[in-house]
Novice: 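The structure that follows is given in the form of structure tokens.
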There are 4 protein chains.
Amino acid sequence: MRIGVLTSGGDCPGLNAVIRSVVHRAVTEHGDTVIGIEDGFLGLVEGRARPLGLDAVTGILTRGGTILGSARVARERMRDAVGRAGELASALGIDALITIGGEGTLTAARLFSEAGLPVVAVPKTIDNDIDATDVTFGHDTAVWVATEAIDRLKTTAESHQRVMVLELMGRHTGWITLHAGMAGGAHGILIPERPFDVEAVCCMVEERFSRGKKFAIVAVAEGAQPAPGTMRFQHGGTDAFGHQTFGGIGPRLAGEIAQWLNKESKPVILGHVQRGGTPTAQDRVLATRFGWHAVEAVHAGAFGHMTALRGTTIRLAPIAEAVAHLKTVPESRWTEAEAVL
Amino acid sequence: MRIGVLTSGGDCPGLNAVIRSVVHRAVTEHGDTVIGIEDGFLGLVEGRARPLGLDAVTGILTRGGTILGSARVARERMRDAVGRAGELASALGIDALITIGGEGTLTAARLFSEAGLPVVAVPKTIDNDIDATDVTFGHDTAVWVATEAIDRLKTTAESHQRVMVLELMGRHTGWITLHAGMAGGAHGILIPERPFDVEAVCCMVEERFSRGKKFAIVAVAEGAQPAPGTMRFQHGGTDAFGHQTFGGIGPRLAGEIAQWLNKESKPVILGHVQRGGTPTAQDRVLATRFGWHAVEAVHAGAFGHMTALRGTTIRLAPIAEAVAHLKTVPESRWTEAEAVL
Amino acid sequence: MRIGVLTSGGDCPGLNAVIRSVVHRAVTEHGDTVIGIEDGFLGLVEGRARPLGLDAVTGILTRGGTILGSARVARERMRDAVGRAGELASALGIDALITIGGEGTLTAARLFSEAGLPVVAVPKTIDNDIDATDVTFGHDTAVWVATEAIDRLKTTAESHQRVMVLELMGRHTGWITLHAGMAGGAHGILIPERPFDVEAVCCMVEERFSRGKKFAIVAVAEGAQPAPGTMRFQHGGTDAFGHQTFGGIGPRLAGEIAQWLNKESKPVILGHVQRGGTPTAQDRVLATRFGWHAVEAVHAGAFGHMTALRGTTIRLAPIAEAVAHLKTVPESRWTEAEAVL
Amino acid sequence: MRIGVLTSGGDCPGLNAVIRSVVHRAVTEHGDTVIGIEDGFLGLVEGRARPLGLDAVTGILTRGGTILGSARVARERMRDAVGRAGELASALGIDALITIGGEGTLTAARLFSEAGLPVVAVPKTIDNDIDATDVTFGHDTAVWVATEAIDRLKTTAESHQRVMVLELMGRHTGWITLHAGMAGGAHGILIPERPFDVEAVCCMVEERFSRGKKFAIVAVAEGAQPAPGTMRFQHGGTDAFGHQTFGGIGPRLAGEIAQWLNKESKPVILGHVQRGGTPTAQDRVLATRFGWHAVEAVHAGAFGHMTALRGTTIRLAPIAEAVAHLKTVPESRWTEAEAVL
């Protein structure tokens, strides 16, 4: 068979490990030809692709990013592309497509699949917000990077009596913040699932200082929201020229704490450091297993499905299910985390 | 309640994280008193213990080892101790015991439980050989340490045309070697579950060199065995004084390859580096969750049970089940790994 | 002798390693008593101190922060304290004092020394801005943390065609940014010593994209300044309530690039992550050597001096010299860095 | 100009960083053509080389190993090659050669230089045994890898009352062991420069246990020798087939301690893990600076010289000086280390 593979959406450690695994399994076991499509669906639309042999994937297992690239496609253009799915496939001479991407990619994969381009999807998200799989590659690496930052912040906060506010990724879900906060031993964990009261955060800090623990680490997801009316001061906003000034929830919360308690309070923004670099061992193994099973799914004709981890086993799940709703942090997980705050 | 806690058996990153979590949950939520028993069952027998408050567990989340220590107890003495289980418990004034340890500890926990000392167990093994849980803390850290070693060995092996043989922990199961081998991209993965033919390993190396890939990394579990009669040379053995000379399967296999193919072949033995140091984020989170659930299990009276991870949820499993048999690497997992060798 | 030791000023990885080394050398070799003064000069003024024996420094070698703490003292109060130097010393019963700190601390050390409290100083700065020593502990760790961030940013920037602006510490000197930029292979290195032209930065980025290298990493020191009039847009500033809105040079420059070139451009602010956590091996060794030599200097009566690294040797330098002027990045070092941009 | 560059001798983190820097400086500043010679002097002899442009060195800064490879050449063949130096140079069409390598390479470089092939050398050794430079790239990385191992061993040794013997690289000098031992806080540091008394090591361990510190870490250089007659037991030796059985000083010393004190004593052998993988920031910076200065030296006609670090400055030193004698650990450095054992 001729199998196309593409990566789409934001970066995620482990993409290259999936590509490598797909090529190894397809070429070695099935004698397939693997076609690497460049810049995600854009390459599919523009017919930009190259064959991927074993040599092309040598040494990429440990590298972050994706050797195939990724780019955005305007909605209009995507709709049009779906309409010409079969045509695009034959233009590249591929019998099936493996897409590696997050929610948006899964939705597109499903549309193409229904439009007659046989697709198997590999789910990708550092946010751990895809419900149909226990977890996917990339999340563990993001959590590890964030945890190492908390480890470093703790010693300096403690010996210098500071409050540190670490803003982490997670617009709609708090998994990275929850896991890194637990792993790093943060004193405050603020996630989108639970609007927080700024005063409560300040009280927690105050109370720690009064107990003689003269420092605090607060991990806050970029999407966490203060409960309406609990933010006393205005931060950021637009400047005189109408340009949005920088300042996410991290800096704003640090500002609140500083002004409220009159204590030194510093923001840290890891940003894309959480998305880049070499994947953890766990992410490399999971990505490799997903690639293997994606190829098998193609040969089994299980199109419209995606690979998923359930316990220790890789299963196939209908893409439709996967995109049905976002996996958010449930009350039970929050209760576990709360105990060690 | 007064809850005793002890750590027993070999070292495992995450032990302190469990202890910390047990103390936090028991003290903060239930107002329990936690008694830290020193040096595992030895402290139980000798009545050596100290109360553990929140301050006692501050800052231990990220530290390897165990603040409670661990030591061996002669079988005789253990049998006797089990007989006096109730007596030992009242001597320490504990109503229940949380044991953190591997197979041996689980067996002991079960005996004490049956002998009238209420025990809840937290499973511990870097080897991932406990069947009743998807995985336990410590394994991910061991795999990460081994993977980082492979990452470093690869560049040097490649540029200097060497064969590197990395001996990893795992007497009876190959999980660390399987996962680190997959994550590091080893070219040979040798595990106890599958006796290996030395000639086949040499042929793999030879074949790589003939393909122009002038290096090879072989990950071998300490318990991996060459198929009878496939080891051509004798290595190690006992010296003139009858003392066992050093030389596990790693050095022996490196010697075989060197002599068989007349190529530079170097052994590396990570040994206890795999058991020590700060746990990965994943291990810290899992250990923390296990501690939380162990305390809840005590208050629920679920004695004779152990905490277990199933998918993303923590369940309780009867200890009896847990120790029924060893979790070895199944054929299906091997097939996945084989594809990228 | 009774030797007092204190840490003062901002955090710096290696402070604990110096303290440990001072105690080991003083106690083991000279039979001295070491008095740990709490919260820097504040503890000296308030007479807060505790004896430090070998046990007190066990296990601190690898830990960031300082077990003695550090705090600010109002100028007034410092001046007054200097006047009572001898009195404060006898209050604590110390014959000599070892201060571990940066420029401010060195100046204070000199004043106390002249006022009759015998002081030997150990220089401390992550910024590498003390002229009398080749380098001091903490800098290597800060550079390593920043370099690891660049390593991670590179893969994600490359595969997703982004511009990343990493804001690093360094108000007055660019050493951290220079070294991390060279080590990470940044495409732009902006330091306080060289006002930069925003347009030039944008052109560099543009030019890279036109060459097909569709990404760029810019490392900018917090104290780097755009040449007057080269910043086209206003960012940050004060909000409606007159509160300073967050937004250092990093976010502002990222905003400039984004608006100027209409390309995705993301800021990352490592902040105090650069000051915390376990020191690198190099920093631990240097800190240990400094502690050893500080104790020898006390016994040699070399007061008013500080330890300094010259080549591979530790020398003593008059504190006066050390604080004479700031060590900035010289033209020669810049030229070396420029070649690989 | 047409400048040849080759890497020779054992692996060393930073080789690629030098190559990259040479290409950048030569091409960008001087418009030179850089010819990469494959497999060290073997490629020179066999005329195997390829042009290296900027693209050829993209992304290699962070990678261990060498993209040019390295191989051994028989002494005979080298002598013959030196005789045909000019001829080999013109065969490759190079006007000058930059060699990156250790002692052997420096000697060869000198011979070629004297034989009419203009050579500038860049010193390379993880062992830090080249006298003409304060340090060279690779050493810091080796020390860091070894230090991380000690960090991990410490927690497990402590909580499980074990003695750990870590065998590190260094046949003739103890720099890696000295620095890693100091940085990791080892309790015993054994180096080739100082034959050790096995009984003294055992006493140190015994004494620690008697003080209640129930563990010990011993860092031993592979070239460290027990004082004659102080090793009581025989270990290793040759097996029945006359093959040398594995067992360096690490395992042998661990065996001695185990039998002498009847305590669990485990050897760890990091081996080539110390030579591989990504360089530390410090090594990347130094390697980059060396490459820059090597190119300048070529254009200045400073042949027969090598780059050297003196304090914070790169100087040129006559190769002859550099290879005059080995840089060993001096008494003064030992005394500093001894204080914290």
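Here is the naming used below: chain letters follow the sequence lines, and residue numbers restart at 1 for every chain.
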Novice: Quick check for you: among C:Thr335, C:Thr278, C:Leu286, C:Leu341, which has the greatest number of heavy-atom pairs under 4.5 Å with chain D?
Specialist: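 So the answer, after comparing C:Thr335, C:Thr278, C:Leu286, C:Leu341, is C:Thr335.
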
Novice: Picking from C:Ala337, C:Gly311, C:Pro279, which has the most non-hydrogen pairs under 4.5 angstrom with chain D?
Specialist: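 Among C:Ala337, C:Gly311, C:Pro279, the one with the most close pairs to chain D is C:Gly311.
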
Novice: Identify which part of D:Asp134 has an atom lying under 4.5 Å from any heavy atom of chain C, answering side chain, backbone, both or neither.
Specialist: both

Novice: At a heavy-atom separation under 4.5 Å, does D:Glu29 approach chain C through its side chain, its backbone, both, or neither?
Specialist: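 Neither; nothing under 4.5 Å.
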
Novice: Counting only heavy atoms closer than 4.5 Å, note whether D:Thr58 contacts chain C via side chain, backbone, both or neither.
Specialist: side chain

Novice: Can you tell me which portion of C:Thr62 sits under 4.5 Å from chain D's heavy atoms? Options are side chain, backbone, both or neither.
Specialist: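 The side chain, not the backbone.
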
Novice: What residue, out of C:Arg289, C:Glu148, C:Gln282, has the most heavy-atom pairs lying under 4.5 Å from chain D?
Specialist: C:Arg289

Novice: Flag the one option from C:His179, C:His293, C:Arg284, C:Arg25 with the top tally of heavy-atom pairs under 4.5 Å to chain D.
Specialist: C:Arg284

Novice: Should C:Leu61 and D:Met182 be marked as a side chain to side chain contact (heavy atoms under 4.5 Å, CB included) after you check the CA-CA gap, both sets of side-chain angles, and the distance that decides it?
Specialist: CA-CA 10 Å; C:Leu61 169 63; D:Met182 285 179 81; over 6 Å; no

Novice: Could you go through D:Val340 and C:Trp292, starting from their C-alpha distance and side-chain angles, then the distance that decides it, and tell me whether this counts as side chain to side chain contact (heavy atoms under 4.5 Å, CB included)?
Specialist: CA-CA 9 Å; D:Val340 282; C:Trp292 191 97; over 6 Å; no

Novice: Taking all heavy atoms of C:Ala281 and all of D:Val143, pick out the closest pair and write down the distance.
Specialist: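 Heavy atoms of C:Ala281 and D:Val143 come nearest at CB-CG1, 3.7 Å.
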
Novice: When only pairs under 4.5 Å are counted, which of C:Arg333, C:Lys213, C:His24 shares the most heavy-atom pairs with chain D?
Specialist: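 Option with the top pair count is C:Arg333.
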
Novice: Where on D:Trp144 is there a heavy atom nearer than 4.5 Å to chain C: the side chain, the backbone, both, or neither?
Specialist: both

